[in-house]
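Single-structure report; data block below.
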Amino acid sequence: MQLRARDVPPRAAWALEQAGVHPLLARLLAARGVRRAAELDPALSRLLPPVGPESGGSPESGGGLKGAPEAARLLADAMAARKRICFVADYDCDGATACAVGVRGLRMLGAAHVDYLVPDRVCDGYGLTPPIARRVAERGADVLLTVDNGIASVEGVQAARELGLQVLVTDHHLPGPALPAAHVIVNPNQPGCGFASKSMAGVGVMFYVLLALRAELRARGAFTAASQPRLDALLPLIALGTVADVVRLDENNRRLVAQGLRRIRAGHMQPGLAALFEASGRPWAKASAADFGFALGPRINAAGRLADMTIGIELLLTDDAARARELAARLDAINRERREIENGMREQALLHVENLFDGEAALPVALSVHDDSFHEGVVGIVASRLKDKWRRPAFVFAASGAPGKEGELKGSGRSIPGFHLRDALDLVAKRSPGTLLKFGGHAMAAGCTIARDQFDAFRRAFEQVAAEELDADALSCCMETDGPLPAQYRCPDVAEALQAEVWGQGFPAPLFCDEVQVISQRLVGGEKHLSLKLRHAGEAVDAIWFNHTGPLPERPRLAYRLDVDEWQGQRRVRFIVEAAEGESLE
């Protein structure tokens, strides 16, 4: 493992410090591309507006969100005619929060008939399909509104229109070569959209549609600026979905998350979120973006992986605290089951990868693993674990559980910087016709379906594409850090201040790096974790390295995060070790 310090533009760090930003935080923010203190202002007034100058927005705001004004008019007309609106959601946390935000938002704005439907991961697959369109029509809906999906659902949208449904697609994924023939599409990544935040999650796109709808209804006289519904009450849900979907936290997304966290810390949130904090043992008064990514988000995602995402959506929709606690307990139990399945699959997958070593042969440049015992709802998580462990693009396959698809394998892949996974699958499809039945995705995550007897052909073709595009530097294990931590900032107040900031994808949490002296070390937690007593800048400090059992030398160079350990009323800084320079991957 190599540890490399991020570059810190001195002029930017100085400007931030002069604007009153804490010196350490100024250094961290400058290293992440922040140049002006105004970028740190979380005020709602600084959010990008949903409409640009072409639709009456301010010229300095840039382009608006293409399709938002048309979506607002479609929904306002539907509400006026008391039409039935049905959401088609996705089965992950972004899809669940987007659905909850949409349903809650439309009801707040006066919609009388709002329903939703979420596909089953195993039986239905991803997105709006013709069978899903028929089920929506059978429910008596007039308007079909997708959230976090639909941009690639060409056949599903066509089927919905043939059934007489109006179709509004809201999505954030990259479009394919052909757009669906929806009545309106709202997606910052569709051709011709000048909206500056291309990284919004599906829940963010739905929120912007609601903002445009509220403006349209206000213009129609439904309410005034003073009497209009407060859509900012939805921001806790938007913050959760944005972080859980691991989209890049650009300036606009950070504002959405910061506003959601501010409300949660004040106790203003939906009962379902409060119940999730309770079930995960996290205090909502100190809520952080990490809670969304590692505690709340996984519990909602577990429903879509192993059970029915309806449980997660109902949790986010209910206003009954007792019902919320009941549903959160169910999600917590499902998540424990997911962890058990994942642990078993991960161990089995590791054995498969280790079997790829042949004597002194090097590890393949890309990893493909399949086992009949794998659960298709967890393959993406296991692929991510393999990718992290060996810094290789990784695909994990499981047998399809869909009726009539017994001869197919469903795979989920995760990639490393410099290797576009969806483009790699496109090359595999072109070079080895018939290998892929279908595929899709993005640079860092993708999925595909193959015939069972095509696994070896896929593995060879995938490795060949990776070997052509990845060199030794790309495959080398290097971790970016924020350099040394000055001793005066090794205190609980600084640690808690850093934890309160919004960190996430594309805006990583602080990771410091120092040479330290190991005073003592021992295994704890069933001999799974390494507990350490270190000497840092002349003073003793506790540390722990989770899921690491190898002993450290006397003076290692460690990468670590700051944590606050509370014991018997005392608050002390603790280091959470992430890596040691020169340490090989286990």
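Salt bridge Asp456/Arg460: absent, no basic N to carboxylate O contact under 4.0 Å. Contact check on Glu138 versus Arg135 returns no salt bridge, with no Lys/Arg side-chain nitrogen under 4.0 Å from an Asp/Glu carboxylate oxygen. Ion pairing between Asp77 and Arg220 holds under the 4.0 Å rule for side-chain N and carboxylate O. Looking at Arg459 and Glu463, a side-chain N of the basic residue comes within less than 4.0 Å of a carboxylate O on the acidic one, giving a salt bridge.
Between the side chains of Asn189 and His172, no donor N or O sits under 3.5 Å from an acceptor N or O. Thr310 and Asp308 form a side-chain donor-acceptor contact under 3.5 Å, judged by distance and modelled atom types alone. Using a 3.5 Å distance cut-off with no hydrogens or angles, the side chains of Thr242 and Asn253 do not pair a donor with an acceptor.
A donor-acceptor pair is defined here as one N or O able to donate and one able to accept, closer than 3.5 Å; no such pair exists between the side chain of Arg385 and the backbone of Arg346. The main-chain N or O of Ile151 is found under 3.5 Å from a side-chain atom of Asp171 such that the two form a donor-acceptor pair. With hydrogens and angles ignored, the 3.5 Å screen pairs no side-chain donor or acceptor of Asp92 with any backbone N or O of Asn301. Checking side-chain atoms of Asp94 against main-chain N and O of Gly202 turns up a donor-acceptor pair under 3.5 Å. Within the 3.5 Å criterion, the main-chain N or O of Leu249 finds a donor-acceptor partner in the side chain of Arg254. In this structure, the side chain of Asp142 engages the main chain of Arg84 through a donor-acceptor pair within 3.5 Å. The main-chain N or O of Gly404 is found under 3.5 Å from a side-chain atom of Glu406 such that the two form a donor-acceptor pair. Listed for the Arg121 side chain is a donor-acceptor partner under 3.5 Å among the backbone atoms of Gly304. Asn149 contributes a side-chain N or O that, together with a main-chain N or O of Val147, makes up a donor-acceptor pair within less than 3.5 Å.
Counting heavy atoms of neighbouring residues, nucleotides and ligands inside a 6.0 Å radius, atom CZ of Phe223 exceeds 12 of them. More than 12 heavy atoms of other shown residues, nucleotides or ligands fall within 6.0 angstrom of atom CZ in Arg263. For Lys198, the NZ atom is densely surrounded, since the number of other residues' heavy atoms within 6.0 Å is greater than 12. A 6.0 Å sphere centred on CD of Glu155 holds no more than 12 heavy atoms belonging to other residues, nucleotides or ligands.
Counting only heavy atoms from C-beta outward, the side chains of Asp371 and Val369 never approach each other to under 4.5 Å. Side-chain contact between Met309 and Cys93 is absent, with no heavy atoms from C-beta onward closer than 4.5 Å. Here the side chains of Asn335 and Ser280 are not in contact, with every heavy-atom distance at 4.5 Å or above.
When the side-chain contact (heavy atoms from CB on, under 4.5 Å) test is applied to Arg330, the partners found at least two apart in sequence or on another chain are Ile311, Leu327.
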Derivation of the side-chain contact (heavy atoms from CB on, under 4.5 Å) call for Trp284 and Leu273: CA-CA 9 Å; Trp284 50 259; Leu273 289 189; over 6 Å; no
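The aromatic rings of Phe395 and Phe462 sit perpendicular, their planes meeting at an angle over 60°, well past the 30° parallel limit.
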